[in-house]
Protein chains: 2
Amino acid sequence: MLSNTEENYLKALLYLTAEDAGKKEAGTNDLATHLGLKPATVNDMLKRLKEKEYVSYKKYGKISLTRSGKDIAMFVMRKHRLWETFLCEVLEFSWDEVHEVAEQLEHIQSDKLTERLDKFLNYPDYDPHGDPIPKSNGKMPPRATTLLSSVAVQQSCTVAAVKDTSPVFLQYLEQLSIGIGTKIKVLEKISFDGSMTLLVEKDKLTVSEKFANSLLVD
Amino acid sequence: MLSNTEENYLKALLYLTAEDAGKKEAGTNDLATHLGLKPATVNDMLKRLKEKEYVSYKKYGKISLTRSGKDIAMFVMRKHRLWETFLCEVLEFSWDEVHEVAEQLEHIQSDKLTERLDKFLNYPDYDPHGDPIPKSNGKMPPRATTLLSSVAVQQSCTVAAVKDTSPVFLQYLEQLSIGIGTKIKVLEKISFDGSMTLLVEKDKLTVSEKFANSLLVD
DNA sequence: TACTAAAGTTAGATCATCCTAACATCCATC
DNA sequence: GATGGATGTTAGGATGATCTAACTTTAGTA
């Protein structure tokens, strides 16, 4: 049985070495920054995780998850995303509030609870942010990869996921009435600063390049 | 913010000093036994809890909860019983399975979650074992106090709560089709050993004195 | 009242998780 | 290829939660 702390290290490693994030390797410092800890602390823990064969690395080398480490991290992520879905859809939390609570709920140890929750939610493929929820067999639904910024002028698309899940961005989306499934048509792209003019439900609005790089669409 | 461990000590003290349990005071050993720890360990923790003013006691004296200690313990109990209700009623756990998982869920820190869960469950007064769920204002619904063993011959009653929540007893009740709300008529009391003959849904059955002392009725 | 068993406390150790400070290694660049 | 800044490691220490072993106090009883 892993401690919450150990699970968090594995989850962080999964995040940092995720292929779709472009970075395949992680170092002690990356982990320390991500977890808000000191490199020395992380180094200690990595020794233990290596001992238990959840991670593998050579001294001074990059760190990667082993098969069993990755399985555990994926399972924690599964629980996290199922709980986020539960909080939003059942308890009517707004999508900028769920993360913190899900960080706690993801560590509850009960396979039965996870499976029953999944069933109760009707086996969702995506969480409220559009992130794919790993299945109990370890498979992942496909993740949207097209950035709003790369959609051509006059083309239409549907919001599939948010790349940035910070409350400030999510609240901004809320304010603009943009959520997962919202249809967007690109009216104009300003080459000067990368900003875009969009048509959202008959409303015309202009968003920054940063914004357009934070939304994933189908 | 209290640790899970500290919350568990306060909860144990609430249990051990509950008035309806007949015992108003608790000692280091009682607590150690209840928590499965050594007296020395408990003693250490009590010092810290006294320092933080959650408990009060004199050296070598009995221990009691302070106002704030009791408030916290009641809130943890509230969460525990709400989660048990959720697990049974929503996720269809059987009542002998919920305790262990609720022991974990009761430590989730989110007032909003607790209130939303309460609302979603439609503000239940009793958990699946018939135990009263403390309200958000700290009030408790009344607890059934009549033992099945004290019901007179030929009298009828309704099962209100179980006094013993061990899986083995709960599974036995399941097997007998007895649950909260089941109507029972006492047909006979055997003075030799305190056993009773009951009429439950047209079935006649005989139960031990121990059994009759473990069911609370209205 | 004096003794002893039960209950409670203290001292000293262990383990997980974190820290700071000092040291070692790697690698990009000159 | 030497070197300095970034990165990684080690040593030593703190804290929370637990233990065992030894000691102290309380309280029931002879």
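As the structure is a prediction and not an experimental result, all values here were calculated from the model. Proteins come first, then strands; the chains are lettered A, B, ... in the order of their sequence lines, and each starts at number 1. When reading the values below, keep in mind they use all heavy atoms of this one structure, side chains included, and skip hydrogens, waters and symmetry mates.
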Rounded to whole Å, please give me the gap between [atom1] in [X] and [atom2] in [N].
| X | N | atom1 | atom2 | answer |
| --- | --- | --- | --- | --- |
| B:E6 | D:dT15 | CD | P | 15 Å |
| B:I63 | C:dA7 | CD1 | P | 13 Å |
| A:N4 | C:dA16 | CG | C1' | 13 Å |
| A:K62 | D:dA6 | NZ | C1' | 10 Å |
| B:N43 | C:dA11 | CG | P | 11 Å |
| A:L35 | C:dA16 | CG | P | 19 Å |
| B:L49 | C:dT9 | CG | C1' | 16 Å |
| A:D30 | D:dA6 | CG | C1' | 12 Å |

Query raised in the report: So, A:E174 and A:W95: side-chain donor and acceptor under 3.5 Å apart, yes or no?
Result: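 Yes, because at least one side-chain N or O of A:E174 sits under 3.5 Å from a partner of the opposite role on A:W95.
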Query raised in the report: Using a distance-only test with no angle check, is there a side-chain donor-acceptor pair under 3.5 angstrom linking B:H80 and B:D127?
Result: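 No pair is found: no donor N or O on one side chain lies under 3.5 Å from an acceptor on the other.
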Spacing of [X] atom [atom1] and [Y] atom [atom2] [to the nearest 0.5 Å]:
| X | Y | atom1 | atom2 | value |
| --- | --- | --- | --- | --- |
| B:W83 | B:L117 | CH2 | CG | 5.0 Å |
| B:D131 | B:E84 | CG | CD | 7.5 Å |
| B:I72 | B:L13 | CD1 | CG | 12.0 Å |

Query raised in the report: Hey, do the aromatic rings of B:Y172 and B:F211 have their centres closer than 6.0 Å?
Result: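 Yes, they do, as the ring centres are separated by less than 6.0 Å.
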Query raised in the report: Between A:S3 and B:Y57, which has a closest nucleotide on DNA chain C that is more 5'?
Result: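 Checking each residue's closest nucleotide, the 5'-ward one belongs to B:Y57.
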Query raised in the report: How are the rings of A:Y15 and A:H34 set relative to one another: parallel (under 30°), tilted (30 to 60°) or perpendicular (over 60°)?
Result: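 Aromatic pair A:Y15/A:H34 classed parallel.
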Query raised in the report: Would you say D:dT9 has OP1 or OP2 under 4.0 Å from some side-chain N or O of A:K47?
Result: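 No.
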Report task. Go through the structure and list residues passing salt bridge (charged side-chain N to carboxylate O under 4.0 Å, His left out) with B:E89, not counting sequence neighbours. Result ->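 Expected list: none.
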Query raised in the report: Less than 4.0 Å between a side-chain N and a carboxylate O, is that true for B:E115 and B:R78?
Result: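 Counted as a salt bridge, because a side-chain N and a carboxylate O are separated by less than 4.0 Å.
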Report summary line: Counting primed atoms, P, OP1 and OP2 as sugar-phosphate and everything else as base, the B/S/- map of nucleotides 18-26 of chain C against protein heavy atoms under 4.0 Å is BBBB---SS
Report, one pair per line, the protein and nucleotides 1-4 of chain D atoms (nitrogen or oxygen only) whose separation is under 3.5 Å.
none

